[in-house]
Amino acid sequence: MLTLNNHPSGRHFLQIPGPTNVPDRVLRAIDQPTIDHRGPVFGALGLAVLGGIKQVFQTQSPVVIFPSSGTGAWEAALVNTLSPGDRVLMVETGHFASLWRKLAGRLGLEVDFLEGDWRHPVDAAAIGARLAQDAGRAIKAVCVVHNETSTGVTSDIAAVRRAIDGAGHPALLMVDTISSLGSIDYRHDEWGVDVTVAGSQKGLMLPPGLAFNAVSAKALAAADGARLPRSYWDWREMLAANERGYFPYTPSTNLLYGLHEALAMLQEEGLPQVYARHSRHGHATRLAVEGWGLELLSLDPAAHSPALTAVVMPAGHSADAFRKVVLDRFDMSLGQGLGKLADRVFRIGHLGHFNDLTLCGTLAGVEMGLAAAGVPHRPGGVRAAMEFLKG
């Protein structure tokens with residue numbers, strides 16, 4: 001038999017940018033007997049989570065919940081609103097924006113891709129300029145990533161909406177919030193987003209397995225004429241069943257128990273306090289990186305992510321070799337570099353179920369790991385973070 005938990009004494013530090021640490025309260029909620037997903041008790045659960053999740057998206061619009069990873073939510077956003085050959089405008093902010101582009105191409109969509117350097121946020125002005133050139137209104141959707149998990153860069157979605165409106169363009173706005181929902185302030189309605197994509201395994205503090213689409217009235221209207229094939233991902237059947245708290249096929253019952261508890265935890269803390277906590281931990285982490293004399297991948301201070309920090313390794317040193325030392329010596333997992341950043345950066349996740357002492361332990365593990373792996377650095381990064389946190 002495979003040994004699934006061979007960690008030494010103490011809790012493993014899972015400090016990747018997701019999946020994140022699942023709170024004991026959520027684990028206990030998931031660890032309930034499975035019930036009849038057609039029965040009245042489940043209907044009450046379904047109505048509770050479908051209503052509660054709207055508060056996290058800050059929307060009055062419907063939110064569809066799929067048994068899926070975030071990739072499924074990407075696909076659902078596209079197939080419910082678009083037709084074969086439609087053109088979409090996407091922006092290269094990192095690995096996950098590039099994967100969404102690849103998925104769109106596989107679905108038979110034409111993609112205009114605004115290239116980026118993986119170190120800066122979405123350029124709203126470039127989006128507006130490209131839309132202004134689209135006299136024939138061939139572009140049907142603009143797709144952007146709010147918080148790029150591979151780079152630690154957060155983009156200004158309100159600015160993107162202003163750029164679309166400034167160009168007088170009717171394109172739908174679709175936003176990936178897989179690593180920002182529940183960790184960074186996000187406003188589906190206020191920012192005029194048409195489809196917001198999310199997943200369960202990051203700021204929502206759940207295991208992987210649930211995916212979300214928050215859907216505007218404009219997106220629902222587009223779904224009536226969309227001709228891309230859809231069955232599993234069809235919003236219409238989901239929304240019809242959701243009216244009574246049910247789903248058209250077997251849902252992830254026990255993960256929905258967990259979602260109910262996670263939503264309760266977020267509301268008890270208060271969403272403004274949740275966002276402030278993440279912002280504070282992001283700032284403390286960047287102070288530590290500065291103290292070590294290392295380089296942040298994110299170059300725009302206004303776009304530094306509150307959810308994770310990507311750190312560039314000094315020339316001639318392997319990020320993966322460093323991460324292995326940290327795992328072997330200190331039982332802590334750090335995020336790897338993805339795509340063209342492979343072996344060049346490591347990522348510190350500081351999102352989800354996380355507090356000051358967890359961050360101090362995480363940063364101590366990084367600082368000890370830098371020394372153990374022979375990575376050039378200055379000592380004192382942890383001290384800099386602690387001085388900020390205690391204030």
Side-chain angles (χ1 to χ4, degrees), residues 57-59 61 73-148 151 153-178 180 186-198 213-228 300 302-303:
F57 283 95
Q58 299 192 62
T59 185
S61 296
W74 279 348
E75 182 165 340
L78 297 174
V79 300
N80 276 283
T81 56
L82 301 171
S83 299
D86 277 354
R87 186 170 295 277
V88 296
L89 179 62
M90 294 179 153
V91 185
E92 182 184 20
T93 48
H95 182 68
F96 290 98
S98 300
L99 288 180
W100 200 2
R101 173 200 186 183
K102 185 176 181 181
L103 188 153
R106 287 178 171 175
L107 292 174
L109 299 170
E110 298 293 329
V111 180
D112 284 0
F113 201 49
L114 296 178
E115 294 184 355
D117 64 359
W118 293 37
R119 305 192 73 173
H120 290 87
V122 169
D123 184 344
I127 290 175
R130 178 65 188 87
L131 293 175
Q133 295 169 2
D134 182 28
R137 301 299 189 246
I139 295 172
K140 302 303 180 185
V142 175
C143 303
V144 298
V145 175
H146 181 213
N147 187 71
E148 177 56 71
T151 65
V153 175
T154 304
S155 292
D156 186 342
I157 302 304
V160 174
R161 167 45 67 191
R162 290 194 296 270
I164 296 172
D165 292 346
H169 202 288
L172 297 167
L173 174 57
M174 302 187 186
V175 180
D176 170 344
T177 65
I178 291 172
S180 58
Y186 182 78
R187 308 179 183 194
H188 177 90
D189 285 359
E190 182 179 326
W191 295 343
V193 181
D194 293 300
V195 186
T196 300
V197 170
N213 280 173
V215 185
S216 74
K218 181 178 176 181
L220 285 174
D224 291 337
R227 292 182 288 103
L228 280 173
D300 183 347

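FYI, side chains are in, hydrogens and waters are out, and symmetry mates aren't considered; it's all heavy atoms of this structure. Along the sequence shown, residues are numbered consecutively beginning with 1.
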Set out, in order, the CA-CA distance, both residues' side-chain angles and the distance that settles side-chain contact (heavy atoms from CB on, under 4.5 Å) for V91 and D123, then state yes or no.
CA-CA 8 Å; V91 185; D123 184 344; over 6 Å; no
Is D134 paired with K140 through a side-chain N to carboxylate O contact shorter than 4.0 Å?
no
Looking at S61 and S216, what are the two nearest heavy atoms and their distance?
OG-CA, 3.9 Å
Closest heavy-atom pair, A132 versus A167, reported as atoms and distance to 0.1 Å, is N-CB, 4.1 Å
Any side-chain heavy-atom pair of H188 and T177 under 4.5 Å
no
More than 12 heavy atoms of other groups within 6.0 Å of E115 CD:
no
Within this structure, what is the CD1-OG distance for the pair I127 and S155, rounded to the nearest 0.5 Å?
8.5 Å
Between W100 and W74, what is the ring plane arrangement, given parallel below 30°, perpendicular above 60°, and tilted in between?
parallel
From D176 atom CG to M90 atom CE, the distance as rounded to the nearest 0.5 Å:
10.0 Å
Heavy-atom closest contact (L131 atom, H169 atom, distance):
O-CD2, 3.5 Å
One should read off an interatomic distance between K218 NZ and T81 OG1, to the nearest 0.5 angstrom, of 11.0 Å
Counting only N and O atoms by type, is there a donor-acceptor contact under 3.5 Å from the side chain of N213 to the main-chain atoms of A73?
yes
Could I get the full list of salt bridge (Lys or Arg N to Asp or Glu O under 4.0 Å) partners for R137, not counting sequence neighbours?
none
Distance in Å, E148 CD paired with H120 NE2, rounded so as to fall on 0.5 Å steps
14.5 Å
Sub-4.5 Å side-chain heavy-atom contact between I178 and F96
no
Heavy-atom closest contact (A159 atom, D156 atom, distance)
N-OD1, 3.0 Å
Interatomic distance, CZ@F113 vs CD@E92, rounded to 0.5 Å, equals 4.5 Å
Decide yes or no for P84 and L228: does some side-chain heavy atom of the first lie under 4.5 Å from some side-chain heavy atom of the second?
yes
Using only atom types and a distance under 3.5 Å, with no angle test, would you say the side chain of D194 pairs donor to acceptor with the backbone of L173?
yes
Would you mind reporting whether T93 and T151 have side-chain heavy atoms less than 4.5 Å apart?
no
Point-to-point distance, once rounded to the nearest 0.5 Å, from CG of D224 to CG of N80
10.5 Å
side-chain contact (heavy atoms from CB on, under 4.5 Å) between R130 and I139: does it pass, once the steps are laid out?
CA-CA 10 Å; R130 178 65 188 87; I139 295 172; 4.0 Å; yes
Within-4.5 Å side-chain heavy-atom neighbours: V79 and L107:
yes
Would you say R161 and V193 make side-chain contact, with heavy atoms under 4.5 Å?
no
Under a 4.5 Å cut-off applied to non-hydrogen side-chain atoms, are S180 and T154 in contact?
no
For the residue pair W191 and H146, what are the closest heavy atoms and their distance?
CZ3-NE2, 4.4 Å
